[in-house]
Structures are given as structure tokens and as C-alpha cells.
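Let me give you the structure first, and then I'll get to my questions.
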Amino acid sequence: MVSVIVQEAKIDQMQTALLVIGIFENERDFFKSKGLNSTITAAIIELIENKEFKRSFGSNIIFHMMGKGLIKKIMLIGLGTREKFTYENARIIAGKAALEAKELGVEEFCILPFMDVDEALIEAISEGVLLSLYTFNRYKTSGKQATTIPAQATIVVNSDSAKFQAVVDIVNLITQAVNYARDLSNLPPNECPPSQIASLALALDGEYGIKTRILERYEMESIGLNGIVSVGKGSNNPPKLIILEYYGNVDHHKPYLLVGKAVTFDTGGISLKPGDRMDEMKFDKCGGCSILGILKAIASLGLPVNVIGIIPSVENMPSSTSYRPGDIIRMYNGKTVEILNTDAEGRIILADAMAYGVAIFNPQAIIDLATLTGACVIALGANVAAVIGTSKYLAERLSKISEKTGERIWGLPLHDEYYEQIKSTVADLKNIGGRPGGAITAAAFLSNFTNDIPWVHLDIAGTAWTQEGTFERSYNPKGATGFGIRTVVKFLMEVPNK
Ligand code: BES
Ligand code: ZN
Ligand code: ZN
């Protein structure tokens, strides 16, 4: 695995196999602030004047220094125009540079920050490097050794290296948690039934003070978690309810409750999905895996907050023991739900888990993460998650933070009228509300189980893995993205300790 470090140094003194220099378009004096020597500067000017290096966003060129000085090779990478350059762009460019370095087979490389250095820039660059070099290759039996991943990336700064190293240390822990969650999310469904999610969660028990508990099917039956039990009935792999507790704040302040959907495979059940792209439903566990990642991150950071993570995990299968359309389920909080489509299973397991979390832990706020609806992907595409809920504060905070993390989220409304769509004629609620506003009616369903505690739901159906319509992002390799972890962890780093 790559480690990122910050070093205070003059470029000429750096000994490196590859120096990465980002250059903006249309700037004549680009080299002024970079501290480059005359040989390097002359080479760059030549490449630009000959139009060999265009400086457009992401374009790059590599040249050898032929033994002049301590730098072996230089990679110039285009930054586009300075006015359009954002921290997200820095993350993408740093990721691209890291992937190029891997392609070149270098053991280490150095990066010059692309503009005036601040903490956010160092954060974005180190995230780009650490997230882009993630690979999921445990099922490849050959070709693994062919590419070496660089062992070290050095960000070269003029001053304050200790302050910036502290930023990178935090990024290291958070991206480790993201890559950990990606690893779990990418597991194939045959190797990752609910019991596997449970044992992975149990492996976190004791790590930096996390406590993990698993509720088995018979316990869920006996306390009335009938939503989770019903959805899990069709599979030979029994459902699990995973509960993680982290108390970082000794003053026993009310915890934050994080709930994540972990359907290890969603066939749709009796309301069977069409075969096309059904394999992608192995990613229907991403919300739950993100909760594991968030707990791992906040615990390793030792954040002074109290957090409960609850992960209902089931496999949604069609069989003679499956729940059916027409069934009426009495949920943990006593409300009754008429099932009209067994493919709308996520809201049922989440609802039970939230009602349980509210009753047992009396949280100050609830955030849930779920690959909940195809409708969300239709509404916002595959690059933006929906935030829907009853807490304007939570929605605004998360949206604001997401502008910095690059994990785009956008608010959808939850007006009273949407609740009409999920009223049942025979029970309190029905589990589908028709096609109009499908992502919203799913959230309206969930809000029946929050007991009016401030809550937001993140629908990550489009963003949890790279899929049709996903924009190319160097730092999101194919497969699970770990979407939401960085944003929620940032939120928990910022919340007032009360
Ligand atoms: N896991 C799916 C949602 C999903 C679909 C996520 C496609 C990502 C990509 C969820 O359980 C589901 O099947 N939802 C149904 C609800 C419908 C029956 C009301 C859907 O969105 O089609
Ligand atoms: Zn489904
Ligand atoms: Zn699902």
C-alpha cells in the first residue's frame, strides 16, 4: 500500500524517480512560484512552445532528465484553467498522476502542489493518491505481481510540513476506511452472505473501542423485528442485525445513529428483477459496508463523539419460504405494512432497524445510507446521491461538506402530500408508492420509523459503485466507491461536542 508523506524541501534537492508538476493553461509565468531550476524550466517551455504539451485538464507528458540532477523523470500534467480549478480537480489530477506512476512502475514519486498550498489542497491531493491506487484483485490468480504499486508519494512543500503532515495522517486513516469498505462491498454475493457481513463487523469489535453485537434471526423474531425477518425468509442464508457502538465522548451525550442497508444480494424476491445487470445487486450492501467504514474511521481517529451503527443484513431471494406481495407485516414499532412488491425490501429492513435504534439508543439524530431506489438514479443520475429527510440542518450540513469532499449530494423535498402515496387500504402503510417521485416516497416510508428524531436519508443507488453513466474519476476505480464515508466522517469531525 502506498504511504503519503509531506516533505519541506527545495526541488533541486529532491532525489526521486518521478516528479509530478501540474501546469495551468494560458499562464506564461507558470514556473515562477514552483522553485524549478533553469534546466527543468527550459525543458517545460520547449514542450509548451512546440505544442507537445497542451496543458488541457488531465493531459500529460513524461520526459527524462538524462542524469542531470537528482530527478530521474518529470511528468507534466495539465490543470486546465486556474479559474475552473477546484479541490475536486486536485483530487482527480493527483489520482491520475498516481495511476501514471504505477504504470511507469516507479517505487516512489514526488508531487508539487498545484497551486498555493493550504490544508484543503494537501487533503485533496493525498486523497486522490490514496483512493486511486485501490485495486480489488483478490480473485485474480495471475497477473497480480505484474504491476507494482508505488510504495511512497511525497508532497513537496516550502513550509509548515508538520501541519500538513497532520492533515495527511487523518486522510490516511479515512481513506484506509474507505478502501476497507470498498473491499467488503466488492465481495461477490456467494462469498458474502449476511453472516459474512456480521463476522466482518465482529472483527471490528475491540478495535479502538468499538463494541459489536449481532442479533440472530430467533432473537429478531422474539422482539418483533418482523420486517427484517420477513425479507430474509426466502434465503437459506439467515438475516443478521449488526449493532456497533462507539463512545468517544465520555460525557454520555446522546449518540448519532447511523443505519445502513446491507442486502447482500437483491434478486427482487418473488417480484423478481429482470436479468439484465442483476449482478450489480451484489452492491446492494454498500450502505451497510459504508457504516462499517465510518465506524472504523471515527474510532481510529478517536473522535470525541458517540455513534451507534446499525446494519440490517439480508439476502432477498425468491423461494417457497419468501415473503410475498399481499403479506402484511407488523413492524418493530407496531406499524403495519402491506407488501405490494418484494423488491422494495430495503425500506422494510431499514425501517425496522431505525425503529429499533431509536427505541434502544435514544439518538440525537439519524443518518441512513442505502442503495434504495432505481428512481433516485433516474432523477439525479449516477454521480449525485439524494438527501431527503426531516432535518434541514443535517441536510444542509451534509450538502455543504459534500461540496468539499466531491461526494455530490442534492436535496429532494419531502412534502406532506407524498405520504398519501404510501397509504394502504388494509394496513397503515404499503411498501411502494408508484412511479412518481419513487425516491421520495421511499424516504416518506422511512420517516414513519424515526419517531420524529431529526433524520436524513442518503440514497446512494447511483453513486455506491461505478455503473452506467458514472463519470470517469481517477480516484474511483471500477467497482464500489465507498461513497458517503468521507462526507459523514467529516460531519462527525465537525459536530459540536454536546
Ligand atoms: N436495490 C434496489 C434499488 C436499486 C436499483 C439500486 C437499481 C441501484 C440500482 C431496491 O431494493 C429496489 O429494487 N427498489 C425498487 C423499488 C420499487 C419496486 C418501488 C426500484 O427502485 O425499482
Ligand atoms: Zn429491491
Ligand atoms: Zn435493494
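For ligands, and for the atoms within them, numbers begin at 1 and follow the listed sequence. Hydrogens, waters and symmetry mates play no part in the numbers below; they use all other heavy atoms, side chains included. We number each residue from 1, following the sequence as shown.
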- Item | Which residue and heavy atom of the protein sit nearest atom 2 (C) of ligand 1, plus the separation |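 Of the protein heavy atoms, Asp266 OD2, 3.6 Å lies nearest.
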- Query: Under 2.8 Å from the Zn ion (ligand 3), how many protein N, O or S atoms can be found?
  - Reply: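 Considering protein N, O and S only, the Zn ion (ligand 3) has 4 within range.
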- Task: Heavy-atom distances under 4.0 Å are what count here, so tell me which part of Lys261 touches ligand 1: side chain, backbone, both or neither.
- Result: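 Side chain only.
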- Give the atoms of ligand 1, by number and element, whose distance to some non-hydrogen atom of Thr371 is under 4.0 Å.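 In order of numbering, the contacting atoms are 1 (N), 2 (C), 3 (C), 6 (C).
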- Query: So which heavy atom in the protein is nearest atom 16 (C) of ligand 1, and how far is it from that ligand atom?
  - Reply: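 In this structure, atom 16 (C) of ligand 1 has Arg347 NH2, 3.8 Å as its nearest protein heavy atom.
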- For the residue pair His457 and Trp455, does the interplanar ring angle fall in the parallel (under 30°), tilted (30 to 60°) or perpendicular (over 60°) class?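 Parallel: the ring planes of His457 and Trp455 meet at under 30°.
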- Item | Residue, atom name and distance, where the atom is the protein heavy atom closest to atom 4 (C) of ligand 1 |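 Residue, atom and distance for the closest contact: Gly374 N, 3.9 Å.
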- For Asn236, does the CG atom sit with more than 12 other heavy atoms under 6.0 Å from it, leaving out its own atoms?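 Incorrect, the count does not exceed 12.
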- Who's the nearest protein heavy-atom neighbour of atom 6 (C) of ligand 1, and how far?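 Going by distance alone, atom 6 (C) of ligand 1 is nearest to Ala461 CB, 3.5 Å.
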- Per-residue contact class, Gln467 against ligand 1 - non-hydrogen pairs under 4.0 Å: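 Under 4.0 Å from ligand 1, Gln467 contributes no heavy atoms.
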- Atoms of ligand 1, numbered as shown, that sit under 4.0 Å from any heavy atom of Asp284: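 The list of qualifying atoms is 1 (N).
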For residues 434-444, which side-chain donor-acceptor pairs fall under 3.5 Å, sequence neighbours excluded?
residue : atom : partner : partner atom : Å
Thr441  : OG1  : Gly437  : O            : 3.4
Thr441  : OG1  : Gly438  : O            : 3.3

- Message: Side chain or backbone, does Asn341 bring an N or O within less than 3.5 Å of an N or O on ligand 1?
- Response: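 The answer is no, given that Asn341 and ligand 1 share no N or O pair closer than 3.5 Å.
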- Message: Take a 6.0 Å sphere around NZ of Lys96 and say whether it holds more than 12 heavy atoms from other residues, nucleotides or ligands.
- Response: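 No.
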- Heavy-atom count around Arg397 CZ within 6.0 Å, excluding the residue itself: above 12?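 Yes.
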- Should the heavy atoms of other residues, nucleotides or ligands under 6.0 Å from NZ of Lys233 be counted, would the total exceed 12?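 Yes, the 6.0 Å shell around NZ holds more than 12 heavy atoms from other groups.
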- Report the part of Trp465 (side chain from C-beta onward, or backbone N, CA, C, O) that has a heavy atom under 4.0 Å from ligand 1; answer both or neither where that applies.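 Within the 4.0 Å criterion, Trp465 contacts ligand 1 through side-chain atoms alone.
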- Item | NZ/Lys273: more than 12 non-hydrogen atoms of other groups inside 6.0 Å |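 Yes - once you tally the heavy atoms of other residues, nucleotides and ligands closer than 6.0 Å, there are more than 12.
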- Query: Where is the nearest protein heavy atom to atom 7 (C) of ligand 1: which residue, which atom, and how far?
  - Reply: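 Of every protein heavy atom, Met281 CE, 3.6 Å lies nearest to atom 7 (C) of ligand 1.
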- Query: Among side-chain atoms of Thr373 and Asp459, is any donor-acceptor pair under 3.5 angstrom?
  - Reply: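 Distance-only check passes for Thr373 and Asp459.
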- Query: What are the two closest non-hydrogen atoms of Glu315 and Ser235, and how far apart are they?
  - Reply: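 The pair with the smallest heavy-atom distance is OE1-OG, 2.7 Å.
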- Should the heavy atoms of other residues, nucleotides or ligands under 6.0 Å from CD of Glu494 be counted, would the total exceed 12?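 Count over threshold, so yes.
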- What residue and heavy atom of the protein are closest to atom 15 (C) of ligand 1, and at what distance?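 That would be Asp343 O, 4.1 Å.
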- Message: Counting only heavy atoms, tell me which of Asp459, Val231, Ile432, Thr267 gets closest to atom 17 (C) of ligand 1.
- Response: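 Closest candidate by heavy-atom distance is Ile432.
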- Find all atoms of ligand 1 within a distance of less than 4.0 Å from any non-hydrogen atom belonging to Glu345, and give their numbers and elements.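 Going through ligand 1 atom by atom, the ones under 4.0 Å from Glu345 are 11 (O).
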- Task: Would you please classify the geometry between the Tyr139 ring and the Phe136 ring as parallel, tilted or perpendicular, with 30° and 60° separating the classes?
- Result: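 Ring orientation of Phe136 relative to Tyr139: tilted.
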- Taking atom 14 (N) of ligand 1 as the point of reference, which of Leu372, Asn316, Thr441, Thr342 owns the nearest heavy atom?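 Residue with the shortest heavy-atom distance to the ligand atom: Leu372.
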- Query: Where on Lys273 is there a heavy atom closer than 4.0 Å to ligand 1, on the side chain, on the backbone, on both, or on neither?
  - Reply: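 Only the side chain of Lys273 comes within reach of ligand 1.
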- Distance, nearest 0.5 Å, that separates CD1 of Ile291 from NZ of Lys261: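 The distance works out to 13.5 Å.
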- Message: Tell me the closest heavy-atom pair linking Glu407 and Gly484, and the distance in Å.
- Response: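 Shortest heavy-atom separation between Glu407 and Gly484 comes out as OE2-N, 2.8 Å.
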- Message: By the definition salt bridge (Lys or Arg N to Asp or Glu O under 4.0 Å), identify the one residue from Arg91, Lys404, Lys490 that meets it with Glu123.
- Response: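 Only one of Arg91, Lys404, Lys490 forms a salt bridge (Lys or Arg N to Asp or Glu O under 4.0 Å) with Glu123, namely Lys490.
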